[in-house]
Every structure is written in C-alpha cells, then in structure tokens.
Amino acid sequence: SWPALLWTSAIFAVGHILTIPHPARLAVFFPSLLFGWMRSATGSVLSAVLFHTACNLFAQIAFKFYL
C-alpha cells in the first residue's frame, strides 16, 4: 500500500541521516519510493536490486572518469 511505502521510505531516510548527519542523506527517500514501487509492480525485489546495482555502477564510473 502507498502509506506503507511512504512510511518505509521515511524510516529508511531517517536511518541514513542517523549514520551520517547531513541533510543530503534524506534524499534516499526518493529512490526508496522507486524501489518499493518496482517491488510492488513486479512482485519481486530482483528488479529493484538490479536497478540499484546499475545506478551504483553508473555513479562509480561517472565519479572515476568525470570528477
């Protein structure tokens, strides 16, 4: 349900800001919504895991070659 997804994403974001107290850490709320929606739409976490992996690889490549 959408309320459960919103609460889960909010708790996930709070967990991130507790580990490193910086407001930018709250931004994980939005990808969390996407990953939760992907899980709900497909019935599996596999699509969310693969997309998360692809995003991390892209970020690492971009950081290495462009920054």
Practice problem: On the 0 to 90° scale, with breaks at 30° and 60°, tag the Phe35-His52 ring pair as parallel, tilted or perpendicular. | Solution: tilted
From [atom1] ([X]) to [atom2] ([Y]), nearest 0.5 Å:
X	Y	atom1	atom2	value
Leu50	Ser44	CG	OG	8.5 Å
Ile61	Asn56	CD1	CG	11.0 Å
Thr19	Arg25	OG1	CZ	4.0 Å
Leu34	Cys55	CG	SG	8.0 Å

Quiz prompt | Heavy-atom closest pair, residues Leu5 and Trp37 | solution = CD2-N, 3.9 Å
Treating Ile, Leu, Val, Met, Phe, Trp and Tyr as nodes and any side-chain heavy-atom pair under 4.5 angstrom as an edge, say whether [X] and [Y] lie in one connected cluster.
X	Y	result
Leu33	Ile17	no
Met38	Trp2	yes
Val14	Trp7	no

Quiz prompt | Pairwise side-chain contact, Arg39 with Leu46, heavy-atom cut-off 4.5 Å (strictly under) | solution = no
